[in-house]
Amino acid sequence: MSDPFSIRVKFDLLKVGHCQHPECAALRGGGRRAIDFPALVGLIEHPQRGLMLYDTGYSRHFHEATRRFPECLYRMITPVTLPPEEELLTQLESRGFRASDIETIFISHFHADHVAGLRDFPQAKFIATRAERARCEQKGRIRRLRRAYLRELIPEDIEKRLHYAETMPQMPLPAMWRPFEVAHDLLGDGSLLGVDLPGHAASQLGVAFHTEEPVFLIGDACWKIEGLIRDKTPSRLAYLLFDNGAEYDATFAKLRALHHSAGAPQIIPSHCITTWHERGGTRRIQHD
Ligand SMILES: [Zn+2]
């Protein structure tokens, strides 16, 4: 087994559309004014395996999947903005890449704002957790919609292309990642390690790696980095949407402890506008 993180990858953070919610939805005690919740996507370049994505953000498929009742309620409650220049394929093209250049897509969880672009990558392999895949196939269109699952966004051949993180070998995380102790070795070389972050959804695949610094992509385990800094969980109303509030709190507490520990990795929540302003817009990964 290789040492964790002995292989370093390149990383850029992309913004693929956004929606708006009051700040207090993401931070208890926050303001009522609407703030942007970007849909952030990780673009990762592995020195041998090539290009990978962490989630896909929004896409035109989201608008198609929410055209009819009852799915249109999703779009009414959460209006989405996706300027043409932010479409994922357009951003990849501007770096000299095509959809077929993406080898693997790590799916944090199957909520629509994370998987809306999967259909644009017909050759990519997917890695997600088995627990979350099972939840997005639950019976009942309304029940799925209430949990932000839109089946129309999922490629028909997903079962052939999907690999489960739980089936991959476990590896101890270095001490600086405490209280997270073990992870799944997602590529078999210790470069990208998958950590389960349950609560927001049935399960969530967090991905840990080293670029110039350690980075931890955490999906929706926390919506704004200020939540970890100030120990502010989301509003009580938001908990109604979570799969398991107690598990959300346990995951949040572990992330908070990690954030405040010495040598903490850069923790990147998928919808944090502060993180986007601090970390987004870099172009380390381009076709040469
Ligand atoms: Zn989300």
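Just follow the structure's listing: the first ligand is 1, and inside any ligand the first atom is 1. Below, all heavy atoms of this structure are taken into account, side chains as well, without hydrogens, waters or symmetry copies.
- Residues F216 and F180 bring their aromatic ring centres within 6.0 Å.
- Within D113, the N, O or S atom at minimum distance from the Zn ion (ligand 1) carries the name OD2.
- Ring to ring, F5 and W177 are close: their centroids are under 6.0 angstrom apart.
- Rounding to the nearest 10°, we obtain 100° for the angle at the Zn ion (ligand 1) between D220 OD2 and H271 NE2.
- H114 contributes NE2 as its N, O or S atom closest to the Zn ion (ligand 1).
- Checked against a 6.0 Å centroid threshold, the rings of F242 and Y248 count as neighbours.
- Between the side chain of R161 and the main chain of A124, a donor-acceptor pair closer than 3.5 Å is present.
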